[in-house]
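Report on the following structure.
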There are 2 protein chains.
Amino acid sequence: MFTFDQLTGFIAVAEELHFGRAAERLNMTQPPLSRQIQKLEKTVGAELLDRDNRRVELTAAGRAFLDEARRLMALASRAPVTARRIASGRQGHLRIGFTAASGFSILGPLLEEIGAIVPDVDIDLQELVTGEQIQGLLTGELDLGLARPPFDTEVFNSHLLYRESMVLAVPASHPLADLKRDIQNEDLKDEPLIMHSPTQARYFYDLVVRLHDIRHENVVHTVSQILTMVSLVAAKRGVAFVPHSATALGIRGVSFLRLASGEEEPVELHAIWNRDAKNPALVRLLRDLEFAAN
Amino acid sequence: MFTFDQLTGFIAVAEELHFGRAAERLNMTQPPLSRQIQKLEKTVGAELLDRDNRRVELTAAGRAFLDEARRLMALASRAPVTARRIASGRQGHLRIGFTAASGFSILGPLLEEIGAIVPDVDIDLQELVTGEQIQGLLTGELDLGLARPPFDTEVFNSHLLYRESMVLAVPASHPLADLKRDIQNEDLKDEPLIMHSPTQARYFYDLVVRLHDIRHENVVHTVSQILTMVSLVAAKRGVAFVPHSATALGIRGVSFLRLASGEEEPVELHAIWNRDAKNPALVRLLRDLEFAAN
DNA sequence: TCGAGTAATACCGGGAGAGCATCATGTTTA
DNA sequence: TAAACATGATGCTCTCCCGGTATTACTCGA
């Protein structure tokens with residue numbers, strides 16, 4: 001088995017791509033760091049870094065292992081905190097994941113409500129995309145997620161929190177912004193489009209493809225975060241379909257236009273949790289919020 | 001920071017609730033195990049086990065920490081497996097570029113074959129013209145291209161995937177469509193011609209110019225995509241030389257006629273990849289497809 | 001061709017951890 | 001009630017691992 005020191009060493013080298021600088025960051029010298037990495041690679045059984053005397057870069061396996069190493073370190077640093085909290089007699093601890101977009105709409109009021117119901121419970125918040133939240137709920141790293149469909153209803157219970165419309169984000173200087181009517185599909189036939197990632201933001205991707213007649217040749221960027229999309233719109237790289245709550249982001253130079261599409265409020269946000277979650281704080285919260293198991 | 005040994009020690013004691021038996025399970029003696037737990041409790045900053053000289057039990061904090069410890073150990077034991085899978089190419093990511101026309105011939109079967117060889121590899125597909133594919137392969141944004149010559153054989157390896165004939169696309173109502181023989185160059189001497197772009201579709205342009213005696217004064221359109229050409233033919237804007245696979249496009253109002261030209265199947269489609277590509281999934285795929293380096 | 005930059009290797013010294021022996025303490029039993 | 005037993009903690013010693021220093025090997029650029 002590798003050690004935590006080897007993991008921190010690897011993370012540092014992976015980030016610096018330079019043994020000397022990484023060693024400096026770790027307050028050690030370069031030779032033992034080199035040996036740490038060698039040992040790590042031996043126990044892992046794969047080359048993680050491709051290096052010659054002049055250049056260091058991550059291998060494909062190294063990139064994947066870097067993710068795991070970061071998760072391990074995060075978990076390891078949180079674990080004692082959890083234990084201490086419980087030891088100090090606090091009532092409990094809830095780890096809640098939320099999508100960036102939901103942070104600008106439902107998160108504030110929801111936290112207030114939670115605070116009223118279980119004031120003695122500590123809340124950990126983590127911004128994660130839906131897929132990461134589902135992963136976290138499965139491994140027990142999260143208690144509650146604020147996420148988008150689809151999710152496996154065999155494994156998760158859910159409660160619809162919020163519905164909202166989609167709007168079109170355009171640069172404020174864009175001709176469409178002066179239009180006095182809702183945007184039609186035809187208005188966009190020659191517009192450069194900033195699109196949701198079909199893997200990372202599958203919910204929005206599917207929604208947009210279903211409701212709007214996307215010309216894939218117009219797609220100039222594929223991104224996974226709403227905030228990134230709006231920033232790109234502000235930078236005049238194109239237009240983007242975003243949920244209405246993105247209007248609360250407060251980014252300058254962007255106008256949000258209504259869409260003349262079929263469904264009124266197609267964007268859903270659900271609270272989801274593992275059916276066999278046992279955290280007493282969660283159980284109490286769900287009961288008092290009257291999120292009936294469904 | 002605690003160590004993995006301390007975690008395994010703690011898990012063993014928590015499960016056995018007995019230092020001696022836990023030590024035995026870990027193939028060690030009891031004293032160092034006691035000290036491991038003491039150290040762990042010190043770094044965690046909370047009592048994990050409530051023990052007197054007769055009895056060992058978990059504290060509330062200990063129960064919570066046990067969960068986290070198990071999660072950490074599970075993650076730590078999975079991480080190297082994932083890394084090894086990726087290093088061996090059994091898992092990972094492949095980005096494949098293809099030309100629009102190849103999408104209608106070889107792409108489906110090839111993807112099926114790939115799926116059989118490396119089922120756990122995620123495939124990203126991007127429709128790109130040959131030039132863009134070559135660019136992508138050079139910058140590393142693409143792993144494999146399905147493209148047409150010419151390409152720099154110093155930089156790229158290739159494997160001939162497919163050969164096909166050129167045919168002449170004509171409007172279904174066109175007099176030539178009723179001809180009961182192959183089309184000769186002279187048949188076209190007064191026909192409006194939809195031609196390939198000499199820059200964007202250089203391969204087809206060169207091929208057609210080489211094999212057929214083109215009268216440039218007949219060229220009414222210059223386009224880069226086969227699909228566009230066939231659409232223009234359907235709109236009776238002229239006739240066009242297209243690869244045989246275009247017959248699978250299923251566009252109405254177009255007939256495809258055999259050409260009486262020299263070469264039988266002059267249109268080539270190659271799989272090409274960067275000679276020093278390192279993506280293990282690609283390496284494995286190439287090996288198993290027996291695309292010998294050439 | 002030489003010097004600079006950088007990762008790997010050789011060698012050494014200190015400290016952490018394992019084992020053995022023993023202690024402390026509470027429980028069982030004669 | 002006292003002795004034997006069970007069990008976790010502690011003291012001591014020894015080994016091995018890890019880190020530091022010095023050096024090497026190799027590549028690239030001037």
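Worth knowing before you read on, the calculation uses all heavy atoms, side chains too, and leaves out hydrogens, waters and symmetry mates. In what follows, chains are A, B, ... by sequence order, proteins preceding strands, each numbered from 1.
- Here the options are Leu282(B), Ile114(B), Asp143(B), Leu142(B), the test is side chain to side chain contact (heavy atoms under 4.5 Å, CB included), and the partner is Ile96(B); only Ile114(B) passes.
- We find that CG of Asp52(B) is positioned 12 Å from P of dT25(C), with the value rounded to whole Å.
- Remark: Arg51(A) is in phosphate contact with dA8(C), judged by side-chain N or O atoms under 4.0 Å from OP1 or OP2.
- Environment of CZ in Arg237(A): sparse, with no more than 12 heavy atoms of neighbouring residues, nucleotides or ligands closer than 6.0 Å.
- Place Val56(B) and Asp5(A) on DNA chain D by their nearest nucleotides, and Val56(B) ends up nearer the 5' end.
- For Gln30(A), counting side-chain heavy atoms from C-beta on, the closest listed nucleotide (dA21(C), dG19(C), dA8(C)) is dA8(C).
- Note: CG (Asp50(B)) to P (dA9(D)) measures 11 Å, nearest angstrom.
- Considering only side-chain N and O atoms, Lys39(A) lies nowhere under 4.0 angstrom from the phosphate OP1 or OP2 of dC17(D).
- The shortest non-hydrogen separation linking Ala281(B) to His93(B) is CB-O, 4.3 Å.
- Distance from the side chain of Ser34(A) is smallest for dA7(C) among the nucleotides dA18(C), dA9(D), dA7(C).
- Between Ile37(B) atom CD1 and dT10(D) atom P there is a gap of 14 Å when expressed in whole angstrom units.
- The Pro32(B) side chain lies nearest to dA18(C) when the options are dG19(D), dT6(C), dA18(C).
- Remark: C1' of dA16(C) and CZ of Phe2(B) are 18 Å apart, rounded to the nearest angstrom.
- Heavy-atom neighbours of Glu268(B) CD from other residues, nucleotides or ligands within 6.0 Å: above the threshold of 12.
- dG19(C) atom P lies 13 Å from atom CD of Glu24(B), rounded to whole Å.
- A donor-acceptor contact under 3.5 Å is not formed by the side chain of Gln38(B) with the base of dA9(D).
- A salt bridge links Arg284(A) with Asp120(A): at least one charged nitrogen is closer than 4.0 Å to a carboxylate oxygen.
- Distance CG (Asn53(A)) to P (dC26(D)): 8 Å, rounded to an integer number of Å.
- dG19(D) atom C1' lies 13 Å from atom CG of Leu26(A), rounded to whole Å.
- Listed candidates were dG19(D), dA18(C), dA8(C). Nearest to the side chain of Gln36(B) is dA18(C).
- One atom, CZ of Phe4(B), and another, C1' of dG17(C), lie 18 Å apart when rounded to the nearest Å.
- Of the residues near DNA chain C, Leu33(B) and Leu17(A), the one whose nearest nucleotide (by heavy atom distance) lies more toward the 5' end is Leu17(A).
- With hydrogens and angles left out, the side chain of Arg35(B) and the base of dG17(C) share no donor-acceptor pair within 3.5 Å.
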